[in-house]
Amino acid sequence: MGISAEKLPRHVGFIMDGNGRWAQKRGLPRKMGHRAGAEVFKKIADYCREIGIKYVTFYAFSTENWKRPADEVNALMDLFDKYLDDAEEYARRKTRMLFLGDKAPFRESIRQKMLSIEERTREFDSCTVMLAMNYGGRDDIVYAAKRAAELVSSGYMSTDDITEDMFGGLLYTGDAPDVDLVIRPSGEYRLSNFLIWQCAYAEYYFSDVLWPDFTVSDLDRALTAYSDRNRRFGGV
Ligand code: FPP
């Protein structure tokens, strides 16, 4: 990867799409696609940390994904349960882990593991890996709006104190910077309610590769494309 540090995005978001199609193409149940996708998640998260990307967010489960058949949802929950046991590994690698979204609907074992990983990795600041789980961009904004309303109604601040910066800090991503680059494999061209506030000025990279086939070379291609983009943020 021959991209200089200043041309690397600070925050990359991945929409891990195409697991189901990957499995179907092989005559396997969809859950096998998610299993393969989870391995890719681990590899890509490690690579991002190695090359010096500071913030990485993976869309693992949306607020809408609960509508999937119960056996697929259960298989995904089993996968999360198992992967969250890697807490020791994250701590050893000095990676901060955060979970974006309301944790309440998850089973107790998953909730406890999420809270414990967040607690154990809180102090690390060289790389932050965020897993969006039960996440929706609109839900994120509504949640932040409720918190802002509470702060005003409790007299802690006035409505004039609500600025873009302040409001952004109330989102699940807290003080993480806005997303610079969104990568969506699998040939779909939409944001699907992923970090809609945080992606206001993001660059997008789409590819036809299905997520379980996504490799570090695909990521290198996306980073190279990003490094050639001319970002103007509304200026000229
Ligand atoms: C979308 O592909 C993918 C998901 C809804 C789940 C993503 C989850 C993982 C990759 C597992 C992550 C695991 C951990 C531990 C973080 P799809 O099922 O919609 O694929 P399709 O469009 O081909 O049907």
Side-chain angles (χ1 to χ4, degrees), residues 12-49 55-91 93 95-103 105-107 109-118 121 127-137 139 172-173 182-195 206-216 218-219:
V12 181
F14 290 93
I15 301 178
M16 303 188 285
D17 198 10
N19 298 342
R21 277 164 285 165
W22 182 92
Q24 274 157 1
K25 264 173 52 182
R26 287 162 178 75
L28 297 168
R30 291 175 58 84
K31 64 181 178 190
M32 298 304 283
H34 296 312
R35 196 181 291 182
E39 285 301 309
V40 174
F41 148 73
K42 275 179 77 168
K43 281 199 191 97
I44 295 293
D46 277 349
Y47 184 66
C48 287
R49 186 179 43 78
Y55 296 87
V56 199
T57 304
F58 293 89
Y59 205 5
F61 196 82
S62 76
T63 43
E64 290 74 34
N65 285 153
W66 298 103
K67 289 186 290 205
R68 293 193 174 203
D71 63 334
E72 183 173 344
V73 171
N74 285 335
L76 275 164
M77 294 303 136
D78 290 344
L79 207 54
F80 296 146
D81 227 336
K82 176 175 165 294
Y83 271 77
L84 296 181
D85 285 333
D86 290 344
E88 288 301 329
E89 225 176 284
Y90 298 119
R93 292 173 193 190
T95 299
R96 182 172 186 200
M97 284 285 300
L98 287 174
F99 298 92
L100 315 181
D102 181 8
K103 298 178 178 68
F106 289 103
R107 59 168 86 133
S109 56
I110 293 182
R111 252 179 325 130
Q112 284 309 322
K113 286 176 200 178
M114 289 198 232
L115 290 169
S116 140
I117 295 173
E118 285 185 336
T121 63
C127 179
T128 300
V129 172
M130 293 177 274
L131 268 175
M133 281 173 60
N134 187 33
Y135 179 85
D139 181 62
Y172 285 120
T173 37
V182 176
I183 297 177
R184 182 165 194 158
S186 95
E188 309 285 358
Y189 303 92
R190 30 171 200 274
L191 197 50
S192 301
N193 207 10
F194 178 59
L195 300 174
F206 299 103
S207 121
D208 288 337
V209 174
L210 302 175
W211 177 254
D213 290 327
F214 195 85
T215 63
V216 296
D218 293 307
L219 177 52

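Keep in mind it's a predicted model, so treat the numbers as computed, not measured. When a ligand or atom number is given, it counts from 1 through the structure's own listing order.
Of all protein heavy atoms, the one lying nearest to atom 22 (O) of ligand 1 is Arg21 NH2, 3.0 Å. What sits closest to atom 10 (C) of ligand 1 on the protein, heavy atoms only, is Asn19 ND2, 3.1 Å. In this structure, atom 1 (C) of ligand 1 lies nearest to the protein heavy atom Met16 O, 3.3 Å. For atom 5 (C) of ligand 1, the closest non-hydrogen atom on the protein side is Asn65 OD1, 3.5 Å.
The closest donor-acceptor contact from the side chain of Asn134 to the backbone of Asp102 lies under 3.5 Å. When atom types are taken as modelled, the side chain of Lys43 and the backbone of Val216 share no donor-acceptor pair closer than 3.5 angstrom. A donor-acceptor pair under 3.5 Å is formed between the side chain of Tyr59 and the backbone N or O of Ser192.
Using a 4.0 Å heavy-atom cutoff, Arg30 is listed among the residues neighbouring ligand 1. Using a 4.0 angstrom heavy-atom cutoff, Phe58 does not count as in contact with ligand 1.
Counting only non-hydrogen atoms, the option in Ala60, Ala45, Gly37, Ala38 that gets closest to atom 6 (C) of ligand 1 is Ala60.
The part of Arg68 lying near ligand 1 is the side chain, judged by heavy-atom distances below 4.0 Å. Counting heavy atoms under 4.0 Å from ligand 1, residue Val40 does not touch it at all. Contacts of Glu188 with ligand 1, taken as heavy-atom pairs under 4.0 Å, are absent altogether.
The two residues Asn19 and Gly37 come nearest to each other via the heavy atoms OD1-CA, 4.1 Å.
With sequence neighbours left out, the side chain to side chain donor-acceptor pair (under 3.5 Å) criterion links Thr215 to Asp218. Partners of Asp78 under the side chain to side chain donor-acceptor pair (under 3.5 Å) rule, at least two apart in sequence or in another chain, are Arg107.
Checked against a 3.5 angstrom limit, the closest N/O atoms of Trp22 and ligand 1 fall outside it.
Around the NZ atom of Lys31, the shell of radius 6.0 Å holds no more than 12 heavy atoms that belong to other residues, nucleotides or ligands.
Close contacts of ligand 1 with His34, meaning ligand atoms under 4.0 Å from a residue heavy atom, involve 4 (C), 6 (C), 11 (C), 18 (O).
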message: Tyr83 vs Glu89, test: side chain to side chain donor-acceptor pair (under 3.5 Å). Steps then yes/no.
response: CA-CA 10 Å; Tyr83 271 77; Glu89 225 176 284; over 6 Å; no
